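Remarks on the structure that follows.
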Amino acid sequence: MILFFDIDGTLWDYKNYIPESTKEGIRKAKKNGHKCFINTGRSRSFVSNKELLGMGFDGIVSACGCMIEYDGKTIYNRIMDKDDAIRTVETVQRYGFRPILEGPEYLYMERKDFENDMYGKKVMADMGDRLRGINDNWGNWQINKLSCATTGCDTKSCFAELEDLYDYMIHNEHAVEMVPKGFNKGTGIEKVCELLSEDVKNTFAFGDSVNDMEMMQTAGTAIAMGRCADEIADIADFVTTHLEDDGIWNALKKYELV
């Protein structure tokens, strides 16, 4: 089996707390011959926590399926075309969006756009010298996708202008993820299975939020975390306990993966 785990709300909570039972579950699942992958909407540059990476995952699907690593090597990486990227940034900025461009090595953003923003401050703190300016590196960004702060903006018109390039994950009126068309966490699972010659039926997905929808629909078995979004609970094969109440471990045990 290949097991795919979302990060936020699944492997750890908003304080980056990972239960010991989750770590033990990953270890035992691997020992039993199952491959374990992170499957995240974050770009690879924003997956750097040593405790998380130290859990021994076999691979990482990042940026909503745009990049895949296996056994320490990058085996797939879809970088956005330069002209498309420039057109995108010019367009979202014209509508007042505040973009964060997400790539395999760096995130790009204008610090002044996020100096009073809680999420922006977290990005700045976590990324350190892997955070670059958009304007300072104009047109030379290596990116897979982007996210934008959209408070008070005409999102409908902007999205219509760029609908040939992106699918939109609208979190609320304040934030959107813009993912190249044809890519999501579900296509990430399909690509891993293709590259590893595994049947998609032999996969498990663990998630909690609406951006896990395609991952849950694609996997052979979908496990929703306690306190998940209603839409995720509705399509899950099993809703486990809360993250901090051994949710991952209990699901692994139920399906005899550990």
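Worth saying up front: this structure is predicted, and the values here are computed from it rather than measured.
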Contacts of Y255 meeting ring-ring contact (aromatic ring centres under 6.0 Å, His included) (sequence neighbours excluded), chain-then-number -> F204
Query raised in the report: Does D230 CG have over 12 foreign heavy atoms under 6.0 Å away?
Result: no
*asked:* Are I75 and F183 connected into the same hydrophobic cluster when the rule is that any two of I, L, V, M, F, W, Y join if their side-chain heavy atoms are below 4.5 Å apart?
replied: yes
- Message: Determine whether a donor-acceptor pair (N or O, by modelled atom type, separation under 3.5 Å) exists between the side chain of T218 and the backbone of M215.
- Response: no
**Request:** Compare all side-chain heavy atoms of W138 with those of I86 and state whether any distance is below 4.5 angstrom.
**Result:** yes
Here the gap from M1 atom CE to T203 atom OG1, rounded to the nearest 0.5 Å, amounts to 8.5 Å
Test of understanding: clusters of I, L, V, M, F, W, Y form through side-chain heavy atoms closer than 4.5 Å, transitively. Do M67 and L146 belong to the same one?
no
Residues E110 and G133: closest non-hydrogen pair is OE2-C, 3.6 Å
ask   = Does S209 reach the main-chain N or O of A229 with its side chain, forming a donor-acceptor pair under 3.5 Å?
value = no
For M216 and I223, the nearest pair of non-hydrogen atoms, with its separation, is CE-O, 3.2 Å
Of K145, R42, K185, the one forming a salt bridge (Lys or Arg N to Asp or Glu O under 4.0 Å) with E177 is K145
The reported gap from CZ in F159 to SG in C148 (rounded to nearest 0.5 angstrom) is 7.5 Å
Ion pair check, R94 and E161, cut-off under 4.0 Å = yes
Per side chain to side chain contact (heavy atoms under 4.5 Å, CB included), F206 is matched among L11, N39, T10 by T10
- Message: I'd like to know if E105 pairs up with R132 as an ion pair, taking the criterion as any Lys NZ or Arg NE/NH1/NH2 lying under 4.0 Å from an Asp or Glu carboxylate oxygen.
- Response: no
Q. Going by heavy atoms in the side chains, are D117 and R98 under 4.5 Å from each other?
A. yes
Let me check something: do I38 and F4 share a hydrophobic cluster, defined by ILVMFWY side-chain heavy atoms less than 4.5 Å apart, either directly or through other members? no
Residues E115 and K121: closest non-hydrogen pair is O-CE, 3.0 Å
Residues 54-67 vs side-chain hydrogen bond (donor to acceptor under 3.5 Å, both in side chains), sequence neighbours excluded, gives K30-D58
Practice task
Check whether any side-chain heavy atom of C153 lies under 4.5 Å from a side-chain heavy atom of C158, and answer yes or no.
Solution key: no
Answer with yes or no whether the hydrophobic clustering places M80 together with M169; edges join I, L, V, M, F, W, Y residues whose side-chain heavy atoms lie under 4.5 Å apart. no
Identify whether the distance between the nearest side-chain nitrogen and carboxylate oxygen of R27 and E24 falls below 4.0 Å.
yes
Notebook entry, point to check: Does R87 come within less than 4.0 Å of D164, counting only side-chain N to carboxylate O?
Noted result: yes
Sorted by chain and number, sequence neighbours left out, salt bridge (charged side-chain N to carboxylate O under 4.0 Å, His left out) with R78 holds for none
I79 meets the side chain to side chain contact (heavy atoms under 4.5 Å, CB included) criterion, sequence neighbours left out, with N77, P104, Q142, N144
To the nearest 0.5 Å, atom OH of Y14 lies from atom CG of L243 at 12.0 Å
Rounded to the nearest 0.5 angstrom, the OG1-CH2 distance for T241 and W249 is 12.5 Å
_Do L196 and F37 make a side-chain contact, defined as non-hydrogen atoms from C-beta onward lying under 4.5 Å apart?_
yes
Would you be so kind as to tabulate the donor-acceptor pairs closer than 3.5 Å made by side chains of residues 15-22, with sequence neighbours excluded?
from	atom 1	to	atom 2	distance (Å)
E20	OE2	K23	NZ	3.3
S21	OG	D246	OD1	2.7

CH2 of W141 to NZ of K82, rounded to nearest 0.5 Å, is 9.0 Å
Exercise for review: On the 0 to 90° scale, with breaks at 30° and 60°, tag the Y168-Y166 ring pair as parallel, tilted or perpendicular.
Suggested key: tilted
inquiry  = Just so I know, are the side chains of K191 and L195 near enough to count as touching, which here means a heavy-atom distance under 4.5 Å?
reply    = yes
Value for CD (E244) from CE (M225), rounded to nearest 0.5 Å, stands at 8.5 Å
Nearest heavy-atom contact between A85 and I143 is CB-CD1, 4.2 Å
Are D167 and N184 side-chain neighbours, meaning at least one heavy-atom pair lies under 4.5 Å? no
Apart from L131 itself, members of its ILVMFWY cluster (side-chain separation under 4.5 Å) are F46, I100, L107, M109, F114, Y119, V123, M124, M127
Within a radius of less than 6.0 Å around NZ of K181, do more than 12 heavy atoms belonging to other residues, nucleotides or ligands occur? yes
Q) Any donor-acceptor pair under 3.5 Å linking the side chain of N32 with the backbone of A29? A) no
(request) Determine, using the 4.5 Å side-chain heavy-atom cutoff (strictly less than), whether I26 and W12 are members of one ILVMFWY cluster. (result) yes
Could you walk me through whether S48 and R130 pass side-chain hydrogen bond (donor to acceptor under 3.5 Å, both in side chains), step by step?
CA-CA 11 Å; S48 59; R130 289 172 295 114; 3.3 Å; yes
Heavy-atom closest pair (D245 atom, N250 atom, distance to 0.1 Å) is O-ND2, 3.3 Å
Worksheet item: If only atom types and distance count, is the side chain of E102 paired as donor or acceptor with the main-chain N or O of S147 below 3.5 Å?
Response: yes
Closest heavy-atom pair, S45 versus G103, reported as atoms and distance to 0.1 Å, is OG-O, 2.7 Å
| Can you find a heavy atom in the side chain of L53 that is under 4.5 Å from one in the side chain of V47? | yes
| query | So T155 and V176, side chain to side chain contact (heavy atoms under 4.5 Å, CB included) or not? Walk me through it. | reply | CA-CA 9 Å; T155 54; V176 63; over 6 Å; no
